[in-house]
**Q** 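Before anything else, here's the structure in question.
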Amino acid sequence: MAPSKFTLIQSSGGEEVIKEEEKLCQETKELILTLPREKGWRTPYLYLFQGFWCQPTEIEAINTFQKHFQAKESDVLVATVPKSGTTWLKALIFATLNRQHFSSFNKNHPLLSSNPHDLVPFFEYTLYAKHDKVPNLSNMSEPRLFGTHIPFASLPNSIKECNCKIVYICRNPFDTFVSSWFFVNKIKPDSSPILTLEEAFEMYCEGIVGFGPFWTHMLGYWKESIERPSKVLFLKYEKLKENVSFQLKGVAEFLGYPFTSEEESGGVIENIIKLCSFEKMKDLEINKSGTFGRNFENRFLFRKGEIGDWVNHLSPSMVEKLSQVIEDKLGGSGLSFRVNS
């Protein structure tokens with residue numbers, strides 16, 4: 001009998017990954033045998049599922065999520081391209097929506113003792129991560145806050161068809177790539193070889209990256225934000241970084257929780273920004289020693305958070321190639337990114 005793809009996976013290293021994939025239900029195991037695959041960044045393979053690349057455990061979780069999740073009108077989703085400011089945006093939105101319950105001066109504020117990913121859980125990594133267990137979300141306080149990297153087209157119909165809100169953020173693809181490469185090499189299994197910058201770059205330009213191609217991911221939410229601006233708010237990491245106060249006020253307005261003039265004059269916005277700053281979060285004990293499930297240590301979520309760090313890592317030929325990819329894929333859409341430091 002010819003070896004299955006699962007047999008091939010088991011010969012590729014990464015015992016932790018293998019153990020997780022062995023737990024997949026039979027339906028998922030059979031499904032991935034039918035899907036196109038390419039070498040993964042931190043797992044042996046990525047599979048092309050519903051038009052985007054992801055890992056087998058993610059496929060299983062997304063299938064369960066699509067079948068069972070029922071959205072509420074008051075739900076808020078933080079949707080992001082991986083490594084585009086997800087942790088930061090989750091913190092900002094959590095603090096903004098919960099400011100009546102937890103003052104930024106409160107020593108017991110949840111963000112001081114919990115990572116933002118614990119407070120704004122991922123559908124695909126946390127809530128629906130176990131195929132044999134559908135979470136009971138009925139007791140969550142409203143507005144319910146969720147996070148996801150799933151492209152818009154693959155969100156459940158209950159989300160797409162109701163009036164719940166989606167705040168989406170993406171980042172200059174140059175910085176996103178560099179951040180992703182550093183991150184993957186930090187969290188990959190010790191038995192897996194280092195992914196070289198050059199190899200990862202070629203894969204990225206082909207669109208072979210978790211939840212990629214990045215251009216498809218961005219365009220899905222971009223087009224929806226134009227067609228339904230009351231449904232999807234589209235943010236860029238660079239714009240948020242350049243003027244956090246202005247952008248956060250816009251997010252609060254979009255979500256229906258605008259800051260009052262009294263709050264603005266009382267420094268509420270500035271205090272939320274300080275509470276959620278890169279420096280503040282990176283220095284918290286939970287983010288220095290805690291872990292995100294069994295996947296990785298929280299400290300790996302905080303590297304630099306800078307704009308333009310890619311100039312220190314990419315060669316001129318790489319810059320030229322990725323610039324052309326961006327032009328080819330995003331040109332004419334109205335969505336663009338500056339190529340400068």
**Q** Would you list the pairs meeting salt bridge (Lys or Arg N to Asp or Glu O under 4.0 Å) in which at least one residue belongs to residues 197-213, sequence neighbours left out?
**A** Lys39-Glu199, Glu202-Lys321
**Q** Looking at the rings of Tyr168 and His217, which for Trp means the six-membered one, are their centres under 6.0 Å apart?
**A** yes
**Q** Determine whether the side chains of Glu60 and Tyr128 contain a donor N or O and an acceptor N or O closer than 3.5 Å.
**A** no
**Q** Can you name the nearest heavy-atom pair linking Met140 to Leu145, along with the distance?
**A** CE-O, 4.2 Å
**Q** Does some side-chain heavy atom of Leu233 sit less than 4.5 Å from a side-chain heavy atom of Ile166?
**A** no
**Q** Listed by chain and number, what are the ring pair (Phe, Tyr, Trp, His ring centres under 6.0 Å) partners of Phe337, not counting sequence neighbours?
**A** none
**Q** Would you say the side chains of Gln50 and Gln66 form a donor-acceptor pair under 3.5 Å?
**A** yes
**Q** Listing request: all salt bridge (Lys or Arg N to Asp or Glu O under 4.0 Å) pairs with a residue in residues 64-73, at least two apart in sequence or in separate chains.
**A** Glu27-Lys67, Lys72-Glu142
**Q** When you check the side-chain N and O atoms of Asp175 and Asn172, is any donor under 3.5 Å from an acceptor?
**A** no
**Q** For Lys249, what residues pass the side chain to side chain contact (heavy atoms under 4.5 Å, CB included) criterion, not counting sequence neighbours?
**A** Ser245, Phe259, Glu264, Ile269
**Q** Any salt bridge (Lys or Arg N to Asp or Glu O under 4.0 Å) involving residues 212-226? Give me the pairs, sequence neighbours left out, ordered by first then second residue.
**A** Glu224-Arg228
**Q** If every non-hydrogen atom of Lys83 is compared with every non-hydrogen atom of Ser179, which pair is closest and at what distance?
**A** CE-OG, 3.3 Å
**Q** Taking only residues two or more places apart in sequence, or in another chain, which ones meet Glu238 in a side chain to side chain donor-acceptor pair (under 3.5 Å)?
**A** none
**Q** Under the salt bridge (Lys or Arg N to Asp or Glu O under 4.0 Å) rule, what pairs show up with a residue in residues 148-160, not counting sequence neighbours?
**A** none
**Q** For residues Phe152 and Tyr221, report the shortest heavy-atom separation together with the two atoms involved.
**A** N-CE1, 3.3 Å
**Q** Closest heavy-atom contact between Ser84 and Thr176?
**A** OG-OG1, 3.8 Å
**Q** For Phe254 and Pro229, which heavy atoms make the closest approach, and how far apart are they?
**A** CE1-O, 3.3 Å
**Q** With Val209, which residues qualify under side chain to side chain contact (heavy atoms under 4.5 Å, CB included), at least two apart?
**A** Trp41, Tyr204
**Q** Please enumerate all residues that pass side chain to side chain contact (heavy atoms under 4.5 Å, CB included) together with Leu48, with sequence neighbours excluded.
**A** Pro36, Trp53
**Q** Assign the ring pair Phe69 / Phe65 to parallel, tilted or perpendicular, where the plane angle (0 to 90°) is split at 30° and 60°.
**A** tilted
**Q** Run the side chain to side chain donor-acceptor pair (under 3.5 Å) test against Thr148 and tell me which residues pass, sequence neighbours left out.
**A** Glu124
**Q** Residues in side chain to side chain donor-acceptor pair (under 3.5 Å) with Asn139, at least two apart?
**A** none
**Q** What are the two closest non-hydrogen atoms of Ala95 and Leu111, and how far apart are they?
**A** CB-CD1, 3.9 Å
**Q** My understanding is that only residues two or more places apart in sequence, or in another chain, count here; which of them pass side chain to side chain donor-acceptor pair (under 3.5 Å) with Glu253?
**A** none
